[in-house]
Amino acid sequence: MTLEELIKELAKYKVSSKTLEAMKIIKREYFVEDKKKAYLNEALPFYSQTTSQPLVIANVIDNLELNKEDVVIEAGTGSGFQTCLLAFFSKKVFSFEIDEIIFNAAQKNIQNFMEINKDLDLKIELIKGNIFKSEKLINQIIEREGKIDKVVFSFAIKKIPDIFIKNTKIIIAPIEENNNYQKLKKIVIKDGKIFEKDLGLVSFVKQREE
């Protein structure tokens, strides 16, 4: 499948035109190991993990309702593909990755992509660490940036940390439901109230406990 064919397929699922245009610029081939399969609409192996299906990533980007003033936290950098898409639509992305091999591979992918697209330079800050043990750093980000607008988890979790419920506007996370699948949920916090929306069943890697 070619990039053009993938874009046409995603359009059938009502992915927004702005996200489709971004995916034409931020080409998935820079972020996968098997370049021949880059534009298949399916999850692909990425070292010890997988990089998500393009449709899932596109739905995440659409549902985050990103704008150019947003400060975003990404939990789980993965291949760096979603990271660059987040940066394309926002002001700043802080991306946490716990796995050293994945972190190094993502860093290389992003650097390679930035060689042809300088616009994302300085918009992405990669952080090697466990986001569940990084409350001090998250508070420093809030202090430095004045806010966190959006948060996205790229691995299955049981519970969203309170620091994000208290300090953000929209959170998207795969919440564990059983051993095989999770519910991808969109949490909107507005005027002190929490609203939830189910975005469908997904299968993400599980949260590491270290």
Side-chain angles (χ1 to χ4, degrees), residues 1-46 49-70 72-93 95 106 109-110 112-120 123-124 149-156 169-175 180-188 195-205:
M1 184 178 283
T2 65
L3 173 58
E4 291 74 18
E5 289 170 332
L6 175 62
I7 295 300
K8 287 180 181 178
E9 181 173 341
L10 296 180
K12 294 177 183 178
Y13 289 94
K14 310 300 182 185
V15 174
S16 70
S17 59
K18 68 176 186 177
T19 295
L20 294 178
E21 287 302 312
M23 294 177 93
K24 291 179 185 178
I25 296 168
I26 301 169
K27 296 179 172 65
R28 196 185 188 212
E29 64 193 73
Y30 285 90
F31 303 91
V32 296
E33 294 178 87
D34 190 342
K35 309 299 181 186
K36 293 179 181 178
K37 295 182 178 180
Y39 299 115
L40 295 177
N41 187 23
E42 59 185 51
L44 295 176
F46 187 72
Q49 300 179 10
T50 57
T51 180
S52 295
Q53 179 186 5
L55 178 60
V56 172
I57 292 177
N59 283 335
V60 166
I61 298 297
D62 275 348
N63 277 283
L64 281 171
E65 303 174 32
L66 296 163
N67 66 68
K68 291 296 183 182
E69 297 303 315
D70 278 343
V72 182
I73 284 186
E74 178 185 42
T77 309
S79 71
F81 179 50
Q82 178 176 268
T83 314
C84 287
L85 286 167
L86 292 169
F88 185 85
F89 289 110
S90 63
K91 178 183 177 183
K92 186 79 176 181
V93 177
S95 185
N109 287 347
I110 292 169
N112 287 342
F113 177 73
M114 283 187 180
E115 287 181 5
I116 62 152
N117 192 317
K118 304 292 185 182
D119 293 343
L120 302 185
K123 293 180 72 174
I124 296 172
D149 297 288
K150 314 289 170 63
V151 177
V152 57
F153 284 84
S154 299
F155 53 85
K169 299 173 184 176
I170 296 178
I171 304 164
I172 293 182
I175 306 298
N180 299 314
Y181 295 96
Q182 307 94 35
K183 278 188 178 178
L184 190 63
K185 292 193 176 183
K186 176 180 180 178
I187 294 93
V188 179
F195 305 90
E196 287 191 13
K197 178 182 178 182
D198 284 346
L199 301 179
L201 291 176
V202 289
S203 181
F204 280 70
V205 296

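Atom set for the values below is all heavy atoms of this structure, side chains included, hydrogens, waters and symmetry mates excluded.
Note: Phe31 and Phe81 have tilted aromatic rings, judged against thresholds of 30 and 60 degrees for the angle between ring planes.
Inter-residue side-chain proximity for Ile110 and Cys84 is flagged as met; some heavy-atom pair is nearer than 4.5 Å. A 4.5 Å side-chain heavy-atom check between Gln49 and Phe155 finds every atom pair outside the cut-off. Within the 4.5 Å cutoff, the side chain of Lys183 has heavy atoms near those of the Leu201 side chain. At a threshold of 4.5 Å between non-hydrogen side-chain atoms, the residues Leu66 and Lys150 count as touching. A 4.5 Å side-chain heavy-atom check between Met23 and Ile7 finds at least one atom pair inside the cut-off.
Within the model, atoms CD of Glu9 and CG of Asn41 stand 4.5 Å from one another, a figure rounded to the nearest 0.5 Å. Note that NZ of Lys185 is 14.0 Å distant from NZ of Lys197, once rounded to the nearest 0.5 Å. Atom CD1 of residue Ile73 and atom NZ of residue Lys92 lie 12.0 Å apart, to the nearest 0.5 angstrom. Once rounded to the nearest 0.5 Å, the distance linking CD1 of Ile124 with OG1 of Thr83 reads 6.0 Å. Interatomic distance, CD1 of Ile175 versus CD of Gln182, reported as 9.0 Å (0.5 Å rounding). Remark: Asp149 CG to Asp70 CG distance equals 4.0 Å, nearest 0.5 Å.
Minimum interatomic distance between Tyr181 and Ser203 (heavy atoms only, all atoms of both residues): CD2-CB, 4.0 Å. Lys27 and Lys24 make their closest contact through NZ-O, 3.1 Å (heavy atoms, listed as atom of the first residue, atom of the second, distance). Closest of all the heavy-atom pairs between Gly80 and Ala106 is N-CB, 4.2 Å. Nearest heavy-atom pair across Val56 and Phe204 is CG1-CZ, 3.8 Å. Of all heavy-atom pairs spanning Phe153 and Val151, the tightest one is CE1-CG1, 3.7 Å. Residue Leu120 comes nearest to Met114 through the heavy atom pair O-CE, 3.3 Å, listed as atom of the first residue, atom of the second, then distance.
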Verdict with supporting geometry, Leu44 and Asp34, side chain to side chain contact (heavy atoms under 4.5 Å, CB included): CA-CA 8 Å; Leu44 295 176; Asp34 190 342; 5.7 Å; no
Using the side chain to side chain donor-acceptor pair (under 3.5 Å) rule, take Ser154 and Gln82 through it: C-alpha gap first, then chi angles, then the decisive distance, then the call. CA-CA 9 Å; Ser154 299; Gln82 178 176 268; 3.0 Å; yes
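Residues satisfying the side chain to side chain donor-acceptor pair (under 3.5 Å) criterion with Lys8, sequence neighbours excluded, are absent altogether. Residues that satisfy the side chain to side chain donor-acceptor pair (under 3.5 Å) test with Tyr39, not counting sequence neighbours, are Glu29.
Atom NZ of Lys123 has more than 12 neighbouring heavy atoms from other residues, nucleotides or ligands inside a 6.0 Å radius. The 12-atom threshold is exceeded at NZ of Lys35, counting heavy atoms of other residues, nucleotides or ligands nearer than 6.0 Å. The number of heavy atoms from other shown groups lying within 6.0 Å of OH (Tyr13) does not exceed 12.
The cationic group of Lys68 lies under 6.0 Å from the six-membered ring centre of Phe88 and within 45° of the ring axis, placing it in a cation-pi geometry.
Listed for the Arg28 side chain is no donor-acceptor partner under 3.5 Å among the backbone atoms of Leu3. Put simply, the side chain of Glu74 never gets that close to the backbone of Val93: no donor and acceptor are under 3.5 Å apart.
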Show me, pair by pair, the donor-acceptor contacts under 3.5 angstrom made by side chains of residues 58-65, not counting sequence neighbours?
residue, atom, partner, partner atom, Å
Asn59, ND2, Leu55, O, 3.4
Asp62, OD1, Ser16, OG, 2.5
Asp62, OD1, Thr19, OG1, 2.6
Asp62, OD2, Ser16, N, 2.9
Asn63, ND2, Asn59, O, 2.8
Glu65, OE2, Lys186, NZ, 2.5

